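Notes follow the structure.
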Amino acid sequence: MTAAFVAGADAPPEVPLKRRLRRAERARQFKALALILPLLAFLLFTFLGPIAGMLWHSVEDWEVPRALPHTVSALSRWDGKTLPDERAFAALAGDILEARADGTLATASKRLNYTISGFRTTLMSTARHLKTAPEPGTAKDTLIGIDKMWGEQETWAAIKGASGPLTDFYLLASLDLKRDNNGSIFAAPEDQAIYRDIFFRTFTIGFAVTALCLILGFPVAYLLATLPSNSANLLMICVLLPFWTSLLVRTCAWIVVLQTNGIVNDTLRWLGVIADPVQLVYNRFGVYVAMTHVLMPFMILPLYSVMKAIPPAYVRAASSLGASPTVAFLRIYLPQTIPGIGAGCLLVFILAIGYYITPALVGGAADQMISYFIAFYTTETVNWGLASALGAVLLLATVALAMVYGKLVHGQQMTGGMKN
Amino acid sequence: MDGGMVAATKPLVRFTGVQKTYDGEHLVVKKLDLDIRKGEFLTLLGPSGSGKTTTLMMLAGFEVPTHGEIHLADRPIKNLPPHKRDIGMVFQNYALFPHMTIEENVAFPLSVRKVGKAEMKERVHQALRMIKLENLAHRRPGQLSGGQQQRVALARALVFNPQLVLMDEPLGALDKRLREHMQLEIKQLHETMGITVVYVTHDQGEALTMSDRIAVFNDGVVQQIDKPDALYESPTNSFVANFIGENNVLAGTIGSVEHGWCRVALAAGGSVTARAVNAGSAGNRTSLSVRPERVTILADDAPADESMNRLPATVQDAIYLGDHALAILAVAGNGEFMVKLPPGGHVGLAHGQAVTIAFRPDDCRALDPV
């Protein structure tokens with residue numbers, strides 16, 4: 001028996017026990033799963049599905065292959081160094097005729113117009129002039145005859161670049177990058193580069209609003225956690241009141257308060273602090289004020305829930321051990337509120353960088369955030385690819401941040417746990 | 001410790017006419033005059049709401065007296081913030097800082113006092129050695145058992161050599177066995193280090209085990225302050241008699257008082273002689289206090305001893321308790337009169353049996369009526 005155990009030949013009876021345990025647990029797990037199934041299905045359709053769709057839209061390139069299938073296949077072996085051969089011209093002419101009949105030409109021309117502006121005009125006028133398919137061997141001359149652009153290698157490179165099925169065109173564009181004819185990536189010229197600035201602006205506003213919320217919200221959360229319950233409840237209602245008011249109403253209220261002849265300006269002038277009205281809205285200041293107000297509860301509530309769980313005995317113990325109130329706060333109280341600070345900042349920052357209505361209403365042209373442009377491309381120009389790519393970059397930044405936070409919090413728990 | 005020896009030294013803490021109210025209507029501490037001697041272990045004992053914790057909090061500086069003054073080493077401290085009082089405190093739930101290691105926790109009072117690094121290390125090490133937890137120095141409080149956390153809290157309160165250590169029901173969260181062990185450990189620390197300890201508890205057994213003196217609180221007033229044995233043997237009022245240990249109460253009216261002795265007519269008939277402690281003059285109502293172990297059940301053929309108080313009784317129940325036995329009797333209108341018997345003493349006692357009990361007048365104290 002002993003020898004068998006040493007050799008490991010005799011399987012110990014623990015294995016079936018483990019299996020039995022798993023079997024016993026399985027029923028419970030299924031029950032738990034059944035409980036969350038409706039929500040899971042709901043999330044799948046309303047959240048995960050659209051996000052997957054958005055990510056797909058940001059890399060998918062279907063317009064040109066659908067409208068010009070033969071051209072795409074003819075160009076697949078093209079080296080891109082010289083003009084393509086007659087076969088490609090013939091394929092294009094045939095494709096244009098077919099696509100015009102199918103009504104798919106407009107979407108393809110819109111897509112090609114993103115790469116070279118003016119492509120739409122070229123394609124549409126070619127389609128108009130091309131009554132019938134050119135005689136074999138004359139396709140090249142016919143097309144160049146209609147529009148000189150067909151004689152340029154760049155034009156063909158644009159078609160090849162948009163020939164799908166996947167592209168990094170939109171993702172690169174959303175970071176102000178382009179590909180040249182050789183396929184290497186380069187930065188877009190200064191006058192065309194806008195998204196990096198907008199992302200930078202979005203994150204700047206996000207950080208500033210988060211910092212303002214933390215500075216203003218921390219004392220309020222502290223009061224909420226330490227006041228006697230009667231006053232704390234009243235204060236809690238004041239904190240939650242914004243939650244029960246429409247976002248639009250709150251933002252418009254700020255316009256009323258901050259505008260040139262608004263309450264703040266009138267009061268300041270009446271007090272003699274200023275002679276002329278100060279511009280308080282339709283600029284960055286207005287955005288900060290309105291967004292900080294709107295997002296404040298998202299900072300206060302996580303802070304409050306963490307602070308509520310810190311027994312007052314800790315600070316008392318610190319002061320009985322000789323710590324002045326400042327030292328007791330900095331060394332004992334503050335470190336214990338870090339999970340709340342982290343959660344609040346993460347929440348506010350993620351919500352802030354996705355803000356759309358508030359900056360659109362109280363900000364100026366230079367205060368619009370990335371969501372404004374996403375909305376613009378979705379509803380105004382119907383450029384789903386670029387809208388999705390901008391959304392994907394935003395999502396990526398958010399997920400990265402959440403992961404960093406998760407790592408930090410997890411790390412803290414690994415080194416001993418914040419709670420006893 | 002000999003209470004008589006430390007009595008000669010000057011008080012370390014003096015409460016003079018201290019009152020405390022939270023709502024402006026009801027006094028939680030009514031009128032407190034209390035001296036705490038240097039080096040003694042004083043326990044504030046009382047039921048919850050008796051004012052003992054409020055008294056401790058006023059001493060620590062977390063509550064301000066509404067009236068009166070507190071002196072610590074001849075210095076008025078009423079308006080001194082807690083962190084300047086140099087008083088160590090052990091809290092009910094330890095209050096170890098969860099984000100610091102054990103070592104950092106114990107070093108905290110030294111680091112806020114800007115003690116040098118080398119000295120700090122040495123003193124922390126010494127404190128951890130004292131509580132035998134050197135090997136857990138780098139753990140966090142959450143990884144320690146309740147008893148270990150309690151010891152760390154103790155080390156942290158002692159490491160900066162405070163003039164006074166306060167303990168607010170520090171053993172309340174521990175199980176019985178560990179509590180008894182920690183009682184002895186704290187008592188030993190007190191004796192070897194010669195520190196002054198003010199200890200709050202509602203557990204009279206804990207108070208009797210550990211204290212040099214006990215102040216019994218009730219209703220915002222110190223009822224009696226004395227050494228544990230004196231408190232048990234010679235309570236000066238009915239509250240103390242009932243709160244400390246088991247007690248039998250017999251209601252009666254004082255017939256006559258003479259040289260510290262009185263004759264009491266029991267409400268249910270019969271009369272006994274008792275020590276006149278706190279009962280006033282003839283005609284006053286009184287509650288007699290008799291400890292269960294001071295009463296004997298007389299054998300049928302026992303010779304009559306006229307110096308003893310004798311009363312007829314009816315057996316209600318007889319309980320075997322291992323090291324002793326307990327008889328529950330109906331005596332003079334008290335249906336739960338307890339008599340502690342030697343092991344085996346319950347044999348032969350049956351429900352409804354008529355017996356005679358006896359106790360010495362010296363063991364019967366006439367106190368204020370309940």
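A, B, ... follow the sequence lines: proteins, then strands. Residue 1 opens every chain. Only a predicted model underlies this, so the values are computations on that prediction, with no experimental measurement involved.
More than 12 heavy atoms of other residues, nucleotides or ligands sit less than 6.0 Å from atom NE2 of B:His83. Around the OH atom of A:Tyr222, the shell of radius 6.0 Å holds no more than 12 heavy atoms that belong to other residues, nucleotides or ligands. More than 12 heavy atoms of other shown residues, nucleotides or ligands fall within 6.0 angstrom of atom CZ in A:Phe243. The neighbour count for B:Arg123 CZ, taken as heavy atoms of other residues, nucleotides or ligands under 6.0 Å away, is above 12.
Of all residues spanning residues 102-121 of chain B, those with a heavy atom less than 4.5 Å away from chain A's heavy atoms are B:Phe108, B:Pro109, B:Ser111, B:Val112, B:Arg113, arranged by number. Residues of residues 126-136 of chain B placed with any heavy atom under 4.5 Å of a heavy atom in chain A are absent; none qualify. Among residues 319-327 of chain A, the residues having any heavy atom closer than 4.5 Å to a heavy atom of chain B are, in sequence order, A:Ser319, A:Ser320, A:Leu321, A:Gly322, A:Ala323, A:Ser324, A:Pro325, A:Val327. Contacts between residues 158-170 of chain B and chain A, defined by a heavy-atom separation under 4.5 Å, are made by B:Phe160.
With contacts defined as side-chain heavy-atom distances shorter than 4.5 Å, the pair B:Pro82/A:Arg316 does not qualify.
Heavy atoms only, all atoms of each residue included: A:Ala317 and B:Phe91 are closest at CA-CE1, 3.3 Å. The two residues B:His99 and A:Arg331 come nearest to each other via the heavy atoms NE2-O, 2.8 Å. Nearest heavy-atom pair across B:Phe97 and A:Tyr314 is CE2-O, 3.3 Å.
Contacts of B:Arg139 with chain A are absent, with no heavy-atom separation under 4.5 Å from either backbone or side chain. A:Ala328 does not touch chain B: none of its heavy atoms, backbone or side chain, sits under 4.5 Å away.
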